[in-house]
Amino acid sequence: MAADPLSLIRAQGRVPRHVAVIMDGNGRWASGRGLPRHAGHWEGMKAVREAVEGACEAGVEILTLFAFSTENWKRPQSEIDALMQLLGAYAESEHEELAGHGVEVRVLGEVSRLDSAARAAVELMENATRGGAVLRLNLMVSYGGREEIVRAVRRLAEQVRRRRLDPEAIGEDTVERMLFTHGLPDPDLLVRTSGELRISNFLLWQLAYTEFHVAPVLWPDFRREDLFAAILDYQRRERRFGRVSTR
Ligand code: FPP
């Protein structure tokens with residue numbers, strides 16, 4: 001009998017510490033069923049639960065989900081409203097369970113652009129789950145990779161202007177400290193669903209040496225087994241970080 005994927009992951013021993021996910025295909029999932037796009041986003045919330053539980057089971061330490069991009073603000077207002085409501089519903093229905101499982105949630109991005117109800121949802125989730133030590137769950141909301149780098153440059157320039165920073169002293173670590181993800185290791189593995197081969201302005205700085213895995217399923221159909229398959233795929237890779245093979 002074939003070993004179950006979790007046993008294989010554990011036997012291999014090299015579990016990615018940080019997994020990032022581009023959750024793509026909600027709209028196609030819905031239109032394929034003759035449903036409005038927001039139905040796909042609601043179904044996508046179930047897949048978020050699967051990904052979080054699967055990450056805990058596999059021993060992943062950090063899970064970073066792309067929930068709403070800077071570009072998503074250009075979608076029809078009705079879809080934006082649905083996604084904001086979804087954030088509220090997720091916070092309301094999941095915060096106790098997340099806290100119970102030791103999941104610490106952080107919402108990262110230009111959170112000030114959210115409406116007051118969505119900001120309250122963020123506060124609820126972050127406060128209820130503070131100190132969770134099993135999994136750090138980053139929900140990237142109103143997030144864009146280029147905007148994050150521009151924001152970092154602006155903050156560094158301001159420090160130089162105030163003569164608190166010498167331009168010569170700026171290095172990769174200085175820039176990293178200005179990112180939303182500061183203090184976290186870069187993702188080891190990026191999973192993108194729906195078969196698309198794009199980075200879509202996600203974590204442009206942090207993905208420099210990340211391994212990519214593209215899953216063919218649309219996000220609402222994503223199950224923990226798909227995460228396990230991505231991790232097993234990652235475990236077969238040789239990471240060289242620009243150096244030569246040591247195998
Ligand atoms: C991309 O699919 C998905 C989004 C823009 C939203 C992602 C949000 C969720 C999965 C809900 C998660 C909720 C919480 C609270 C974390 P798309 O709409 O671009 O799909 P398409 O490419 O098929 O049109």
Side-chain angles (χ1 to χ4, degrees), residues 19-56 62-99 101 103-111 113-115 117-126 128-129 135-145 180 190-203 214-224 226-227:
V19 177
V21 185
I22 300 177
M23 310 183 285
D24 193 18
N26 294 352
R28 276 163 285 167
W29 184 93
S31 56
R33 286 165 176 75
L35 298 169
R37 292 179 58 82
H38 63 78
H41 297 316
W42 281 90
E43 196 66 22
M45 199 163 80
K46 293 185 194 160
V48 168
R49 209 170 288 143
E50 282 282 322
V52 169
E53 289 173 10
C56 291
I62 305 157
L63 180 66
T64 298
L65 303 180
F66 202 5
F68 189 90
S69 73
T70 312
E71 290 71 28
N72 289 156
W73 288 114
K74 296 184 193 131
R75 290 194 177 192
Q77 191 59 44
S78 57
E79 186 170 343
I80 295 173
D81 291 345
L83 283 163
M84 292 300 136
Q85 280 169 20
L86 191 70
L87 191 63
Y90 182 75
E92 198 61 53
S93 68
E94 306 286 308
H95 70 276
E96 282 177 3
E97 184 145 348
L98 289 166
H101 283 101
V103 178
E104 178 171 63
V105 182
R106 293 292 307 278
V107 178
L108 306 179
E110 295 294 349
V111 175
R113 286 188 73 178
L114 303 183
D115 62 27
R119 283 206 307 273
V122 169
E123 244 175 75
L124 171 68
M125 243 178 328
E126 291 192 338
T129 61
L135 178 75
R136 160 80 176 256
L137 173 62
N138 297 315
L139 296 179
M140 308 307 283
V141 176
S142 189
Y143 171 84
F180 289 116
L190 172 75
V191 179
R192 179 168 189 145
T193 57
S194 90
E196 302 280 352
L197 304 171
R198 274 193 302 283
I199 197 169
S200 296
N201 201 16
F202 191 40
L203 302 175
V214 177
V217 292
L218 301 175
W219 178 253
D221 292 327
F222 190 86
R223 295 294 170 265
R224 67 193 71 196
D226 298 300
L227 177 68

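A quick note: this is a predicted structure, and the numbers were derived from the prediction, not measured. Counting convention: from 1, in listed order, for ligands and their atoms alike.
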Heavy-atom closest pair (A51 atom, F222 atom, distance to 0.1 Å) is CB-CE2, 4.3 Å
Just distances here: any N/O of D24 and N/O of ligand 1 closer than 3.5 Å?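 Yes, D24 has an N/O under 3.5 Å of an N/O on ligand 1.
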Short N or O distance, W29 and ligand 1, threshold 3.5 Å exclusive: no
Return yes when atom CD of E92 has more than 12 non-hydrogen atoms of other residues, nucleotides or ligands closer than 6.0 Å, and no otherwise.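 Check fails, neighbour count at 12 or below.
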Heavy-atom count check: over 12 atoms from other residues, nucleotides or ligands less than 6.0 Å from E97 CD?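 Not more than 12 within 6.0 Å, no.
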State the atoms of ligand 1, each with its element, that fall below the 4.0 Å cut-off from a heavy-atom position in [X].
X    : answer
G27  : 17 (P), 18 (O), 20 (O), 21 (P), 23 (O), 24 (O)
R75  : 5 (C), 17 (P), 18 (O), 19 (O)
N72  : 5 (C)
L86  : 11 (C), 13 (C)
W219 : 10 (C)
Y90  : 15 (C)
R28  : 21 (P), 22 (O), 23 (O)

Where is the nearest protein heavy atom to [atom]: which residue, which atom, and how far?
atom                    : answer
atom 8 (C) of ligand 1  : A67 O, 3.6 Å
atom 12 (C) of ligand 1 : V48 CG2, 3.7 Å
atom 10 (C) of ligand 1 : N26 ND2, 3.2 Å
atom 16 (C) of ligand 1 : L139 CD2, 3.8 Å

Where the side chain of T193 meets the backbone of D24, is there a donor-acceptor pair that is under 3.5 Å apart? yes
Between [X] and [Y]: side-chain donor-acceptor atoms closer than 3.5 Å:
X    : Y    : answer
W219 : S194 : no
D81  : Q77  : yes
E53  : H101 : no

Can you list the residues that meet the side chain to side chain donor-acceptor pair (under 3.5 Å) rule with D221, with sequence neighbours excluded? W29
State which residues pass side chain to side chain donor-acceptor pair (under 3.5 Å) with S200; sequence neighbours excluded, sorted by chain then number.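 Counting only residues at least two positions away or on another chain, S200 forms a side chain to side chain donor-acceptor pair (under 3.5 Å) with R192.
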Would you tell me which option among M23, K46, R37 has the nearest heavy-atom contact to atom 17 (P) of ligand 1?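 It is R37 that holds the nearest heavy atom.
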